[in-house]
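Worksheet: one structure, shown below.
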Amino acid sequence: MAAKDKQWTREQLLVAFGLYCQIPFGKMHKTNPSIVGLAALIGRTPSAVAMKLGNFASLDPAITSTGRSGLDGASLKDKAIWGEFHADWEALAVESKRALDSLAGGHASQIFGELEPLNESSENYEGMTKSVLIAARIRQSFFRRAILSSYQSRCCMSHVTEPMLLIASHIMPWSEDKLNRLNPRNGLCLSAFHDRAFDKGLITVTPDYCVQVSKRLRKQAKNRFVADSLLSLHGEKILLPDKFLPSQEFLSWHNQHRFIDAAI
């Protein structure tokens, strides 16, 4: 029998928020298999889990700023979990995944499904103990899932939707800001090609979410591939995510410290 009248525990809220981060906003409904599976694990109804995700959505500025509202009634505990994640994404992502594994008996993939991360980070796994390696992989997988779900698995510049070509790209690099390396607001969903151009500062995204292409690339206007895949984006707005709007502060940092035109 579902424990619909019982207070949500911290462990349950951790795994529910982990799920909120990793499925698209439009799929937070009671028939979603991931919601159904999580509900069974924690002894609640799928409707109750869907409602809890809606409560989290009501706290997300990326959702409320566009006229969507999620659900009313976010509790003090909901707000506390939201605040904990935003204060320490890395620790809470690992804690959430371990809580889910504990509940699922190590079969968490049956809840979230399989979405293998590409080798996107510069983190060096050499010499790590097994427990540290597992935590590192949890972090990488969490960030990828959070970014791809927010952008509905679509490159925000080219609109490519093939998962094997998509990168959860950091705005402020992994090595530059460890406190925000798992923060979904520090991410863009990009194709591997656009990720490389962004990482090298050949393109950037302004705080008003427009693509800027470097003068270096604009000198190559006769190159059809460059013209079609990059120059055509200059001044265009990116596809904005359903959740976790990119931080304007992080985008400003990229404009100033990574974009090669900033040094001209």
Side-chain angles (χ1 to χ4, degrees), residues 1-60 62-63 68-71 73-75 77-78 81-82 85 89 92-118 134 137-155 160-168 182 184 187 189 239 241-244:
M1 181 177 179
K4 61 182 181 180
D5 295 326
K6 293 183 180 179
Q7 292 290 315
W8 283 71
T9 67
R10 184 174 185 279
E11 181 182 54
Q12 291 173 346
L13 290 172
L14 278 172
V15 296
F17 189 80
L19 183 57
Y20 171 80
C21 292
Q22 298 177 67
I23 61 175
F25 176 75
K27 294 184 178 181
M28 294 180 186
H29 50 74
K30 65 181 180 181
T31 60
N32 183 310
S34 293
I35 289 177
V36 172
L38 181 57
L41 278 181
I42 64 176
R44 294 184 180 274
T45 66
S47 293
V49 174
M51 184 175 295
K52 182 58 65 179
L53 301 192
N55 292 151
F56 288 133
S58 73
L59 303 174
D60 192 336
I63 291 172
R68 298 169 296 167
S69 60
L71 294 175
S75 69
K77 286 185 177 181
D78 298 340
I81 288 293
W82 180 275
F85 266 89
W89 282 98
L92 270 293
V94 173
E95 187 177 353
S96 175
K97 178 60 164 60
R98 287 177 171 162
L100 178 62
D101 283 338
S102 176
L103 289 168
H107 300 290
S109 63
Q110 296 176 11
I111 304 299
F112 290 146
E114 293 294 346
L115 181 57
E116 292 299 324
L118 301 178
I134 290 172
R137 288 176 172 168
I138 288 173
R139 293 194 298 266
Q140 188 180 6
S141 180
F142 175 88
F143 187 73
R144 175 172 170 80
R145 289 170 184 265
I147 296 303
L148 265 64
S149 72
S150 294
Y151 287 86
Q152 299 188 51
S153 296
R154 187 182 301 270
C155 171
V160 165
T161 58
E162 171 51 57
M164 294 182 69
L165 294 176
L166 295 177
I167 303 291
L182 294 195
C189 184
L239 176 71
D242 286 338
K243 302 175 295 179
F244 303 122

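Heavy-atom basis, side chains included; hydrogens, waters and symmetry copies ignored.
- Here the side chain of K30 pairs no donor or acceptor atom with the backbone of I35 at under 3.5 angstrom.
- Expressed to the nearest 0.5 Å, how far CG of L13 lies from OH of Y20 amounts to 14.5 Å.
- In this structure, L92 CG and L182 CG are separated by 10.5 Å, a value rounded to the nearest 0.5 Å.
- The minimum heavy-atom distance between C155 and L239, with the atom names listed, is O-CD2, 4.4 Å.
- Here the side chains of W89 and F142 are in contact, with some heavy-atom distance below 4.5 Å.
- To the nearest 0.5 Å, atom CE of residue M28 and atom CG of residue N32 are 9.5 Å apart.
- Between the side chains of N55 and S58, no donor N or O sits under 3.5 Å from an acceptor N or O.
- Taking both residues in full, the closest heavy atoms of F85 and A93 are given as CE2-N, 3.8 Å, listed atom of the first, atom of the second, then distance.
- No donor-acceptor pair under 3.5 Å is formed between the side chain of K27 and the backbone N or O of S149.
- Here the shortest heavy-atom pairing between L166 and V160 reads CD2-O, 3.5 Å.
- Nearest heavy atoms, L41 versus L103: CD2-O, 3.4 Å.
- In this structure a side-chain-to-backbone donor-acceptor pair under 3.5 Å is present from D78 to S75.
- Aromatic pair F17/W82: centroids less than 6.0 angstrom apart.
- Here CZ of F25 is found 11.0 Å from CD of Q152. Values are rounded to the nearest 0.5 Å.
- Taking CG from L14 and CG from L19, the interatomic distance works out to 13.0 Å, rounded to the nearest 0.5 Å.
- In terms of modelled atom types and a separation under 3.5 Å, the side chain of K52 and the main chain of A16 share no donor-acceptor contact.
- S150 contributes a side-chain N or O that, together with a main-chain N or O of A146, makes up a donor-acceptor pair within less than 3.5 Å.
- When all heavy atoms of K77 and W8 are compared, the pair lying nearest together is NZ-O, 3.2 Å.
- Applying the salt bridge (charged side-chain N to carboxylate O under 4.0 Å, His left out) test to every pair with at least one member in residues 7-18, sequence neighbours left out, gives these pairs: R10-E84, R10-E95.
- For Q12 against Q7, the heavy-atom pair with the smallest separation is OE1-O, 4.2 Å.
- Among residues two or more places apart in sequence or in another chain, the side-chain contact (heavy atoms from CB on, under 4.5 Å) test is passed with T161 by R154.
- The side-chain heavy atoms of F56 and C21, taken from C-beta on, include no pair separated by under 4.5 Å.
- In this view, D60 satisfies the salt bridge (charged side-chain N to carboxylate O under 4.0 Å, His left out) rule with no residue, not counting sequence neighbours.
- Note that CG of L53 is 8.0 Å distant from CG of L38, once rounded to the nearest 0.5 Å.
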Inset, instruction - Might you work through the side-chain hydrogen bond (donor to acceptor under 3.5 Å, both in side chains) test for S141 and R145, ending with a clear yes or no? - result: CA-CA 6 Å; S141 180; R145 289 170 184 265; 3.1 Å; yes

